[in-house]
Amino acid sequence: LRVMKDMTTYKFRIMPTKAQQTALTKWLEECRMLYNNFLVQRKNGWEKNKKCFTLYDQLNQLPKLKRDYPKLKTVYSQVLQNVGIRANLAYQAFFRRVRQHETPGYPRFKSYGRYDSFCYPCCVDVKIGEDFVHLPKLGKVDCIVHRKIKGKLKTVTVKRSHGKWYVFLVTDHCNRRTVLKSNKTTAIDVVITTFATLSDGENVANPRFFETKQKLL
């Protein structure tokens, strides 16, 4: 018996009130400004002083930034931390492309209205009901929960798309699979006429995914 963890993402439509929509829009704007600030700090730090700011350098600045910009206090603290993680991932991807001699594509600043989601990386205070989701600092938000959620909640992302709001719930749950033990060994030869040929003579047909899905594509 083998126990494996499967990750599942659930997408639900939420219907925030006007007051909640206003708060959500303000959160996105504060996150956008913070994201751009992190990018500017890294860019200027390297160009002017050859200083490389790390993720933890920037996350440790959040208390001071909240004092200097009180509006940041309205946003849930873990959401702000996730903004720093996003900026760090953007730079990691940039450096990876440089190392692999690809087109680098320097991390882009987010213009007004182009930052459309924020994430709760830890979901201790997030509650899911039959027709609502309770989000920290936002309260109870009406939600169309059309599927039963299985597993432990890992992250919650709120996204704005074409004027509508959605919530993405990522869970993990244990999937118990029975694996039969065998002392036999098989050699596999990948060939052209079939997908594979086994050493016992069995042929595995080519699934031809492209041909079967070409019309749909």
Side-chain angles (χ1 to χ4, degrees), residues 7 9-12 14 16 19-126 133 135-138 141 153-170 172:
M7 305 296 291
T9 301
Y10 300 86
K11 177 183 177 181
F12 298 141
I14 58 175
Q20 288 173 335
Q21 288 187 46
T22 300
L24 287 168
T25 302
K26 289 182 178 179
W27 277 34
L28 290 178
E29 180 61 12
E30 295 304 322
C31 289
R32 182 186 74 87
M33 298 290 287
L34 181 62
Y35 181 87
N36 288 344
N37 178 75
F38 284 153
L39 294 190
V40 168
Q41 186 180 50
R42 291 197 179 210
K43 183 175 184 294
N44 292 343
W46 178 255
E47 291 180 351
K48 296 179 179 180
N49 303 313
K50 300 301 179 183
K51 176 177 174 55
C52 182
F53 285 91
T54 67
L55 169 62
Y56 298 104
D57 289 336
Q58 295 192 309
L59 293 185
N60 288 335
Q61 297 173 10
L62 285 175
K64 182 179 184 302
L65 288 172
K66 287 182 180 181
R67 292 192 297 269
D68 296 339
Y69 305 97
K71 289 184 179 180
L72 288 176
K73 296 179 181 179
T74 63
V75 184
Y76 192 59
S77 59
Q78 291 181 2
V79 171
L80 296 178
Q81 293 171 10
N82 183 256
V83 174
I85 293 173
R86 290 187 182 189
N88 186 62
L89 289 174
Y91 266 90
Q92 286 182 353
F94 167 72
F95 292 130
R96 174 185 56 78
R97 291 190 294 269
V98 171
R99 288 193 301 268
Q100 295 178 357
H101 304 289
E102 301 175 4
T103 302
Y106 196 82
R108 295 183 179 181
F109 295 100
K110 301 292 184 180
S111 59
Y112 181 79
R114 297 299 298 272
Y115 198 99
D116 290 327
S117 67
F118 60 82
C119 177
Y120 294 92
C122 182
C123 307
V124 176
D125 298 324
V126 176
V133 55
L135 302 173
K137 278 204 170 185
L138 290 172
V141 183
L153 199 59
K154 303 297 291 184
T155 64
V156 175
T157 301
V158 177
K159 182 177 177 63
R160 176 183 61 193
S161 178
H162 303 290
K164 298 179 181 179
W165 296 89
Y166 300 89
V167 63
F168 294 80
L169 314 173
V170 178
D172 70 352

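For clarity, every value in this text was computed on a predicted model and none was experimentally measured. Just so you know, these numbers use all the heavy atoms, side chains as well, and skip hydrogens, waters and symmetry mates.
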Drop me the distance from [X]'s [atom1] to [Y]'s [atom2], to the nearest 0.5 angstrom.
{"X": "L39", "Y": "F109", "atom1": "CG", "atom2": "CZ", "value": "5.5 Å"}
{"X": "F94", "Y": "R108", "atom1": "CZ", "atom2": "CZ", "value": "13.0 Å"}
{"X": "N36", "Y": "R114", "atom1": "CG", "atom2": "CZ", "value": "12.0 Å"}
{"X": "R99", "Y": "R96", "atom1": "CZ", "atom2": "CZ", "value": "8.0 Å"}
{"X": "K137", "Y": "Y120", "atom1": "NZ", "atom2": "OH", "value": "9.5 Å"}

Return the minimal non-hydrogen interatomic distance between [X] and [Y], and the atom names on each side.
{"X": "W27", "Y": "P136", "value": "CH2-O, 3.6 Å"}
{"X": "P121", "Y": "T155", "value": "O-CG2, 3.9 Å"}
{"X": "L72", "Y": "E30", "value": "CD2-OE1, 3.9 Å"}

Checklist line | Distance under 6.0 Å and angle within 45° of ring axis: K43 vs W46 | finding: no
Next item on the list: In sequence, state the C-alpha distance, the side-chain angles, and the governing distance for T25 and W165, and then conclude on side-chain contact (heavy atoms from CB on, under 4.5 Å).
Entry: CA-CA 10 Å; T25 302; W165 296 89; 3.9 Å; yes
Notebook entry, point to check: More than 12 heavy atoms of other residues, nucleotides or ligands under 6.0 Å from OH of Y69: is that the case?
Noted result: no
Check: Any Lys/Arg nitrogen of D116 or K159 sitting under 4.0 Å from an Asp/Glu carboxylate oxygen of the other?
Finding: no
Note to self: Any salt bridge linking E29 with R32? Criterion: basic side-chain nitrogen under 4.0 Å from a carboxylate oxygen.
What the structure shows: yes
Check: Step by step, would you call Y106 with Y91 a side-chain contact (heavy atoms from CB on, under 4.5 Å)?
Finding: CA-CA 8 Å; Y106 196 82; Y91 266 90; 2.5 Å; yes
Item checked: CA sep, side-chain torsions, deciding dist, call: K71, M33, side-chain contact (heavy atoms from CB on, under 4.5 Å) -> CA-CA 11 Å; K71 289 184 179 180; M33 298 290 287; over 6 Å; no
Margin query: Using the rule given for side-chain contact (heavy atoms from CB on, under 4.5 Å), can you reason through L62 versus L34, listing the C-alpha separation, both sets of side-chain angles and the distance that settles it, and then say yes or no?
Written below: CA-CA 10 Å; L62 285 175; L34 181 62; 4.0 Å; yes
Tell me which donor-acceptor pairs under 3.5 Å the side chains of residues 75-90 have, and how far apart each pair is, sequence neighbours excluded?
| residue | atom | partner | partner atom | Å |
| --- | --- | --- | --- | --- |
| Y76 | OH | D125 | OD2 | 3.0 |
| N82 | OD1 | R86 | NE | 3.1 |
| R86 | NH1 | Y115 | OH | 3.3 |
| R86 | NH1 | S117 | O | 3.0 |
| R86 | NH1 | S117 | OG | 3.3 |
| R86 | NH2 | S117 | OG | 3.3 |
| N88 | OD1 | R42 | NH1 | 3.4 |
| N88 | OD1 | R42 | NH2 | 3.0 |

Notebook entry, point to check: Side chains of L135 and V126: closer than 4.5 Å at any heavy-atom pair?
Noted result: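 Counting from C-beta outward, L135 and V126 do come under 4.5 Å.
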Next item on the list: Give a yes or no answer on whether the side chain of T54 reaches the backbone of D57 with a donor-acceptor pair at less than 3.5 Å.
Entry: yes
